Novice: 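I'd like to ask you about the structure that follows.
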Amino acid sequence: MSHPIRIPQHIAIIMDGNGRWAQKRSHPRVFGHIRGASRIKEIVLEANRLGVKALTLYAFSTENWSRPEGELSVLWKLLKKFLQKEERELHQNNVCLRVIGEVERLGGDVRQVLDPVVQKLSQNTGLQLNFAVSYGSRRELARACALFAKDCLEGKQKPEDMNDELMTRYLWTSGLGKLSDVDLLIRTSGEYRISNFLLWQAAYAEFIFSDVYWPDFRASHLKEAIEQYSKRDRRFGGIATQVRA
Ligand code: IPE
Ligand code: IPE
Ligand code: MG
């Protein structure tokens, strides 16, 4: 029996394995970052084409700041280059871009490129593309608590009103509204961990761990992941018949 393909509304991807991809070829790690950055467009356009509504890409974690200076500077150069090179095509494809994470920690040169692109694509109504940059979910949750506490002190909120729905409005993903829950979370590179990504939003996500290193990840891998997702039985704590109904 063949299953109908269900397209997840929100896909999140931990784009991992750049360094190992390069090392396997006896190249410096940054080669993997260069190749990895060049894979992003194909995956974004494929997600858009398939009708995925939101795509969150983990590009840089709060913990990644601990990497050597030389590697960091290449990563920032690649982010700027990606934005400059792909802005037009993303816009033509009606993609809306947002950044989630500690944007205030990014260098002025990065912000100078990033902010106008985000602004330009902000009214687009197609795929909601989130770049997680200097993102850490613990940071996100701690920040949400602080913002909510501040609103309480200012009389804008009451502690007893806090609930799951209200919480989502204090997260970096608040721009996604009802789409902020992740349906499908993919991690490449054969690691089986979440590495501080979307801890709240992935509460009921389906996980797919792929052995493919990110620089080798193609549209066909994304489609395979969606096919696997289609066969999963999501119960959300209920029993199968209830959820299908
Ligand atoms: C993912 O690839 C990219 C970033 C974390 C910025 P890695 O750089 O983590 O590559 P591996 O996991 O060391 O192979
Ligand atoms: C997670 O990968 C972050 C990104 C892919 C941006 P890491 O390579 O930083 O994660 P760990 O250190 O293997 O858990
Ligand atoms: Mg890694």
Side-chain angles (χ1 to χ4, degrees), residues 6-16 47 51-65 95-106 114-115 118-119 121-187 192-209 229 232-239 242-243 245:
R6 273 183 302 136
I7 301 294
Q9 294 209 319
H10 184 180
I11 299 180
I13 308 181
I14 303 177
M15 306 184 290
D16 195 21
V52 173
K53 295 204 163 68
L55 177 67
T56 302
L57 299 177
Y58 206 3
F60 190 89
S61 74
T62 47
E63 289 74 35
N64 289 148
W65 286 106
V95 173
C96 173
L97 177 70
R98 290 196 191 87
V99 174
I100 58 170
E102 309 168 299
V103 273
E104 62 286 349
R105 250 177 113 174
L106 308 183
L114 180 65
D115 294 354
V118 168
Q119 175 64 31
L121 305 185
S122 65
Q123 301 305 315
N124 287 342
T125 55
L127 178 74
Q128 307 285 301
L129 174 62
N130 282 315
F131 264 165
V133 182
S134 192
Y135 174 89
S137 204
R138 287 183 167 178
R139 189 84 279 286
E140 174 179 46
L141 292 166
R143 174 181 171 273
C145 293
L147 291 174
F148 180 70
K150 191 163 168 277
D151 281 353
C152 289
L153 287 173
E154 290 172 4
K156 295 179 195 153
Q157 295 286 2
K158 293 205 245 22
E160 57 272 27
D161 291 339
M162 180 44 97
N163 58 29
D164 293 0
E165 195 279 321
L166 182 56
M167 182 68 178
T168 63
R169 293 195 234 157
Y170 285 91
L171 301 176
W172 274 318
T173 47
S174 63
L176 289 177
K178 290 198 184 330
L179 288 173
S180 69
D181 278 357
V182 175
D183 296 304
L184 168 60
L185 194 149
I186 301 169
R187 183 175 189 140
Y192 304 121
R193 55 177 173 266
I194 195 162
S195 299
N196 203 7
F197 191 40
L198 302 174
L199 299 178
W200 176 280
Q201 298 88 338
Y204 270 102
E206 294 297 325
F207 285 71
I208 289 183
F209 296 99
Y229 166 87
R232 302 271 178 96
D233 202 359
R234 300 184 79 193
R235 290 190 285 276
F236 299 96
I239 58 172
Q242 282 176 319
V243 177

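Keep in mind that this is a model prediction, so the values were computed, not measured.
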Novice: Quick check for you: to the nearest 0.5 Å, what is the distance between Ile186 atom CD1 and Ile208 atom CD1?
Specialist: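 These two atoms lie 6.0 Å from each other.
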Novice: Within a strict 4.5 Å, meaning less than it, do heavy atoms of the Leu198 and Thr173 side chains meet?
Specialist: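 Leu198 reaches Thr173 side chain to side chain.
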Novice: Is any side-chain heavy atom of Val182 closer than 4.5 Å to a side-chain heavy atom of Thr56?
Specialist: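 Side-chain contact under 4.5 Å: no.
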Novice: Can you give me the closest heavy-atom contact between Leu127 and Val52, atom names plus distance?
Specialist: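 In this case the closest contact between Leu127 and Val52 is CD1-O, 3.2 Å.
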Novice: When rounded to the nearest 0.5 angstrom, what distance separates CD in Gln201 from CG in Leu176?
Specialist: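 One finds 8.5 Å between CD of Gln201 and CG of Leu176.
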Novice: With no hydrogens and no angle check, is any side-chain donor or acceptor of Asn124 less than 3.5 Å from a backbone partner on Gly126?
Specialist: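 Answer holds: no.
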Novice: Of Gln9, Lys53, Arg98, which is the lone residue that meets side chain to side chain donor-acceptor pair (under 3.5 Å) with Gln128?
Specialist: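 Testing Gln128 for a side chain to side chain donor-acceptor pair (under 3.5 Å) against Gln9, Lys53, Arg98 leaves exactly one candidate, Arg98.
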Novice: Above 12 or not: heavy atoms from other molecules or residues under 6.0 Å from CD of Glu154?
Specialist: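 Count over threshold, so yes.
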Novice: Closest approach of Asp164 and Trp200, non-hydrogen atoms and distance?
Specialist: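 Minimum heavy-atom separation between Asp164 and Trp200: O-CZ2, 3.6 Å.
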Novice: Let me confirm one number: the OG-CD distance from Ser180 to Glu165, rounded to the nearest 0.5 Å.
Specialist: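 So the gap between those two atoms works out to 9.0 Å.
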Novice: Within the structure provided, determine whether Ile194 and Phe207 are in side-chain contact (heavy-atom separation under 4.5 Å).
Specialist: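 They are in side-chain contact.
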Novice: Does atom CD of Glu160 have more than 12 heavy-atom neighbours, drawn from other residues, nucleotides or ligands, at distances under 6.0 Å?
Specialist: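 Enclosed: over 12 neighbouring heavy atoms sit under 6.0 Å from CD of Glu160.
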Novice: More than 12 non-hydrogen atoms from neighbouring residues, nucleotides or ligands closer than 6.0 Å to CZ on Arg105, yes or no?
Specialist: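 Yes - once you tally the heavy atoms of other residues, nucleotides and ligands closer than 6.0 Å, there are more than 12.
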Novice: Evaluate the side-chain proximity of Val103 to Val133: yes if any heavy-atom separation is below 4.5 Å, no if none is.
Specialist: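 The answer is no; the side chains never approach within 4.5 Å.
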Novice: Where is the tightest heavy-atom contact between Ala144 and Met167, given as atom of each residue plus distance?
Specialist: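 Heavy atoms of Ala144 and Met167 come nearest at CB-CE, 3.9 Å.
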Novice: Report the distance from atom CZ of Phe131 to atom CE of Met15, rounding to the nearest 0.5 Å.
Specialist: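 The CE atom of Met15 is 6.0 Å from CZ of Phe131, to the nearest 0.5 Å.
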Novice: Check whether any side-chain heavy atom of Val99 sits under 4.5 Å from a side-chain heavy atom of Tyr135, and report yes or no.
Specialist: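 In short, these two side chains do not touch, never coming nearer than 4.5 Å.
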Novice: So Asp181 and His10, do their side chains get closer than 4.5 Å, heavy atoms only?
Specialist: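 No, side chains not in contact.
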Novice: Nearest heavy-atom pair of Cys96 and Ser122: which atoms, and what distance?
Specialist: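 Minimum heavy-atom separation between Cys96 and Ser122: SG-O, 3.7 Å.
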Novice: Tell me, do Tyr229 and Arg234 make a side-chain contact under 4.5 Å, heavy atoms counted?
Specialist: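 Touching, per the 4.5 Å side-chain cut-off.
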Novice: Specify whether Tyr58 and Phe197 have parallel, tilted or perpendicular ring planes, treating 30° as the upper limit for parallel and 60° as the lower limit for perpendicular.
Specialist: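 Because their plane-to-plane angle is under 30°, the rings of Tyr58 and Phe197 count as parallel.
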Novice: Look up atom CG in Asn196 and atom CZ in Arg138, then write down how far apart they are to the nearest 0.5 Å.
Specialist: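 Interatomic distance, Asn196 CG to Arg138 CZ, rounded to 0.5 Å: 6.0 Å.
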Novice: I'd like to know if the side chain of Arg143 and the backbone of Glu102 have a donor-acceptor N/O pair within less than 3.5 Å.
Specialist: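 Between the backbone of Glu102 and the side chain of Arg143 there is no qualifying donor-acceptor contact (under 3.5 Å).
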Novice: Show the numbers, then the answer: is there a side-chain contact (heavy atoms from CB on, under 4.5 Å) between Leu171 and Leu141?
Specialist: CA-CA 7 Å; Leu171 301 176; Leu141 292 166; 3.8 Å; yes
Novice: Between Leu129 and Leu57, does the side-chain contact (heavy atoms from CB on, under 4.5 Å) criterion hold? Intermediate values first, please.
Specialist: CA-CA 8 Å; Leu129 174 62; Leu57 299 177; 3.9 Å; yes
Novice: Any idea which heavy atoms bring Gln157 and Phe148 closest together, and the distance?
Specialist: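 Where Gln157 meets Phe148 most closely, the heavy atoms are CB-CE1, 3.5 Å.
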Novice: Below 4.5 Å, heavy atoms only, C-beta onward: do Ile14 and Leu185 meet side chain to side chain?
Specialist: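 Touching, per the 4.5 Å side-chain cut-off.
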Novice: I need the single residue from Leu199, Ile100, Thr62 that forms a side-chain contact (heavy atoms from CB on, under 4.5 Å) with Ser137. Which is it?
Specialist: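 Per the side-chain contact (heavy atoms from CB on, under 4.5 Å) rule, the option paired with Ser137 is Leu199, out of Leu199, Ile100, Thr62.
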Novice: Can you tell me if Ser134 and Trp65 form a side-chain donor-acceptor pair at under 3.5 Å?
Specialist: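 Per modelled atom types, Ser134 and Trp65 side chains form a pair under 3.5 Å.
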Novice: So, Ser195 and Arg187: side-chain donor and acceptor under 3.5 Å apart, yes or no?
Specialist: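 A donor-acceptor contact under 3.5 Å links the two side chains.
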